[in-house]
Participant: 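Questions regarding the structure given below will be posed in turn.
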Amino acid sequence: MPSKLLDDLNPAQRSAVEHINGPLLILAGAGSGKTRVLTYRIGYLLEQRMVRPYEILAVTFTNKAANEMKRRVEGLLQFPIDGMWIGTFHSVCARILRIEGAHLGYDSNFTIYDQDDQVRQIQQVMEGLNINQSILKPRQAHYAISDSKNKMLGPEQYERRAGTLVERQIAKIYWEYETALRRNNAFDFDDLLIKPLDLFTKEPAILEKYQSKFKYILVDEYQDTNKAHYYLVRQLSAKHRNICVVGDEDQSIYRWRGADIENILSFEKDYPDCEVVRLEQNYRSTQVILSAANSVVSNNQKRLGKNLWSRKTGGEKIRVIGASDEGGEGLEVVNVIRSEMAKNRLSYNDIALLYRTNAQSRALEDKLRRANIPYVIVGGTRFYERKEIKDVLAYLRVIVNPRDAVALRRIVNYPARGIGMTTQQKLEQYAAEQQTGLYQALLEVLEIKDLSSGIKDKIHSFVSTLETIRKELKTASAFEVAAGVVKTFALKNPYELSTLPDDEARLENINELLNSIASFTEARGAAGGEFPGEATLEKYLEDVSLLTDVDRWDPGFSAVTLMTLHSAKGLEFPVVIICGMEQGLFPLSRTFGNPDDLEEERRLFYVGMTRAKDSLYLVWARQRRRFSGNDYGASFINTSSKFLEEIPEEYKNEEIYDNFGSQYRKSRQQRIRFEESPRDVSAYASEMLDHPEYKIGDWVIHDEFGRGQILGVERGSAGTRLSVFFKSKGLKKLIAEYANLRVVE
DNA sequence: CAGACAAGGCTTTTT
DNA sequence: GCCTTGTCTG
């Protein structure tokens, strides 16, 4: 039976969709309709009634991608697809662990620890082991443990390899940390991927069960899989061998998280009988942007190679803009946004501002705010990692999983209820003596001897309140429980009386959290709803811990989007502005020594460029405040990124606005063309207040000290501080406001 | 035991 | 330079 679905596809896409049995590798260039192929393939399998929904497993890296795929498959078919497993690697694994966790000694109400929780647990372990935390920092230990888990090295393998004293200490911490997680009925992020594999080894029957169930497996973004992902996919597909992976080696950008580009490069070796389909027609960008991106990425050695082409022939040239410093960069960005909006009748959400590091957003925000341009920042300090949110979530976690000692420690004396450090230590000691958990110690508080009866009362009342709410779990909705907790423990109180803007924002965040729990309850809880019986608090907490900031981002909201290049993967915008195109920042200087790292930076640039549909801007700043070594907050003079040179002249126009005073300066680099700046006058006037006329390298005359050269400029709350070297007096630190300096040419 | 102030750390990217 | 954590004082 021929399917109408095939009519919407180009020949390459169609051959990928029509391939039914056996391994399939789809090399999908940026914007080549990858999601389309995946969804149509699922739709085709289901429509032809060859496969049942519950026989399909589709995995992605972000919830956004998973939800999008689900939505689009449903749009293609006339029948529901309940029972299909479609989700992120982490959520699929969490689901398996909820079902099978008992075989590993876990209860199904386990908690998932994020990085903050993990570090806190490690701190706790280090205290117990009496390891000096100023010599070995908990973050360091965490990094080593997480890195080991990503490489699938357990504590015993780590211990065996440990050579140095520090490594042997980390091995001890690793052991204790694992014990603590088990005691807390908690998995960390890395465990979610590894523990199912442990389970499969331990209980082959369970592996067999899932192998039989999933007749067709589809994997998105295969280029970003690490060792654990790789084995998961390989093991689950071993029986039916209907494994379809989609990826683009040029977009592999998670090496630092253990992703191994070799997984996709050697797929053909793993499955010699696999079919390979290349999707090279791009439906997103203009030919100019594509050709430029192709030229850049062709400098990489490690790639399978492909050449993207587009029907959108021609297109505007890429504009490369040089600014004087990060403030000037922000102003140029404002100008670009205004002119694009006026010229092409765009809305704010058609424009994305991308950068290498989150720290760059601050300077850009500042200028956008002054220019009254609405913006949203995706990433940075994540919503669910904010203090006030984690406080509320900690209560919910303890109610769902009382063994979660990390959460319990957080709330036991917050808000303050007179259970101070000394009391907590006594409780911990009791728990250790009785071989039990902290929560159990609270329950048994009346048995503990050296506590005053006043303290005992406080603890008893606290734990009884928790117990009462816990009993409501079975009958009340997630929202009712959460709202009850916030009210009972007065979690809004510390912020309600304050008029500080920060506190008002915190209050709003708590309200937003409650709203999100309410909509979760509505979406899932209603009888006959999409997920009947899944509106539990437990499920909510799992969802929340696996959410990313991109998942929370609303592309329809009318605001310019600011995010890192990593976060932008998989998205597209009519206008893309990439900031901080400087040697040392992008590519980062720490990648200079390592060709593999440098290639990854280049791929990241490729990802950024190919997000743009119509216009691409690349902006850099000659001077930028950066953190380097122990010289924090110092300004550095930069040259433009080497990546810019990899774009052939025919695809770009270069301009420079390297000016702060009344006159423009020509760049010493001749290849950069000098033009008059269309600078925004009001924003420029406010810049002047910060004494922008003083630049490193300028010569000045001081009434008393004579002629000197500026070696440093610091702009602080006390005003602008200048370091000036005078021939007569040597180095002097001066406050610009009082020094009465004259700049000389 | 809580609030105010100082010191120290940090910034590459995140499920 | 800014934010988080630790220490001191009331």
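By convention in this document, chain letters (A, B, ...) are assigned in the order of the sequence lines, proteins followed by strands, and residues within each chain are numbered from 1. All values reported here derive from a predicted model rather than from experimental measurement.
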Participant: Measure from the side chain of A/Trp256, starting at C-beta and using heavy atoms only, and say which of B/dT14, B/dC1, B/dT12 lies closest.
Facilitator: B/dT14
Participant: Roughly how far apart, to the nearest Å, are C/dT5 and B/dT12 at atom C1'?
Facilitator: 23 Å
Participant: Rounded to whole Å, please give me the gap between NZ in A/Lys149 and P in B/dT15.
Facilitator: 18 Å
Participant: Measure from CG on A/Leu547 to P on B/dT15 and round the result to the nearest Å.
Facilitator: 9 Å
Participant: If each of A/Leu588 and A/Thr423 is mapped to the nucleotide of DNA chain B with the nearest heavy atom, which maps nearer the 5' terminus, i.e. the 5' end?
Facilitator: A/Thr423
Participant: Looking only at side-chain atoms of A/Arg362, point me to the closest of B/dT12, C/dC3, B/dC1.
Facilitator: C/dC3
Participant: Measure the distance from OH on A/Tyr143 to P on B/dT11 and round it to the nearest whole Å.
Facilitator: 13 Å
Participant: Spell out, as yes or no, whether a donor-acceptor pair under 3.5 Å connects the side chain of A/Asp597 to the backbone of A/Thr591.
Facilitator: no
Participant: Counting only side-chain nitrogens and oxygens, does A/Asn358 get under 4.0 Å of the OP1 or OP2 atom of B/dT12?
Facilitator: no
Participant: Pick the nucleotide of DNA chain B nearest each of A/Gly420 and A/Thr62; which residue has the one closer to the 5' end?
Facilitator: A/Gly420
Participant: Which listed nucleotide (B/dT14, B/dT11, B/dT12) is nearest to the side chain of A/Thr357?
Facilitator: B/dT12
Participant: Are A/Tyr113 and A/Phe187, when compared by the centres of their aromatic rings, separated by less than 6.0 Å?
Facilitator: no
Participant: Could you state the atom-to-atom distance from CG of A/Leu598 to P of B/dT13 in whole Å?
Facilitator: 18 Å
Participant: Is the positively charged end of A/Arg98 above the ring of A/Phe110, judged by distance under 6.0 angstrom from the centroid and angle within 45° of the axis?
Facilitator: yes
Participant: Would you say the rings of A/Tyr254 and A/His229 are close, in the sense that their centroids are separated by under 6.0 Å?
Facilitator: no
Participant: Would you classify A/Gly379 as touching base, sugar-phosphate or nothing, given that sugar-phosphate means primed atoms plus P, OP1 and OP2, and contacts are heavy atoms under 4.0 Å?
Facilitator: nothing
Participant: Going by atom types only, do A/Gln223 and A/Asp248 share a side-chain donor-acceptor pair under 3.5 Å?
Facilitator: no
Participant: Find the distance A/Glu388:CD to C/dT4:P and express it as a whole number of Å.
Facilitator: 11 Å
Participant: Find the distance A/Lys569:NZ to B/dT15:C1' and express it as a whole number of Å.
Facilitator: 11 Å
Participant: Within the structure shown, what part of the strands sits under 4.0 Å from A/Ser91 by heavy-atom distance: base, sugar-phosphate, or nothing?
Facilitator: nothing
Participant: Under 4.0 angstrom, heavy atoms only, what part of the nucleic acid is A/Ile419 near: base, sugar-phosphate, or nothing?
Facilitator: sugar-phosphate
Participant: Looking only at side-chain N and O atoms, does A/Thr564 come under 4.0 Å of OP1 or OP2 in B/dT12?
Facilitator: no
Participant: Which nucleotide sits closest to the side chain of A/Arg590: B/dT15, B/dT11, B/dT14?
Facilitator: B/dT11
Participant: Between A/Lys539 and A/Phe520, is NZ or CZ placed under 6.0 angstrom from the six-membered ring centre and within 45° of the ring axis?
Facilitator: no
Participant: Out of B/dC10, B/dT12, B/dT14, which nucleotide sits closest to the side chain of A/Arg356?
Facilitator: B/dT12
Participant: As a test of reading the structure: which of B/dT12, C/dG1, B/dT14 is closest to the side chain of A/Arg625, going by heavy atoms?
Facilitator: C/dG1
Participant: Tell me the interatomic distance from A/His142, atom NE2, to B/dT14, atom C1', rounded to whole angstroms.
Facilitator: 11 Å
Participant: Looking at A/Asn413, I'd like to know whether one of its side-chain N or O atoms comes within less than 4.0 Å of OP1 or OP2 on B/dA2.
Facilitator: yes
Participant: I need the CD-P distance between A/Glu326 and C/dC2, as an integer number of Å.
Facilitator: 12 Å
Participant: From C-beta outward on A/Phe189, which listed nucleotide comes closest to its side chain: B/dT14, B/dT15, B/dT11?
Facilitator: B/dT15
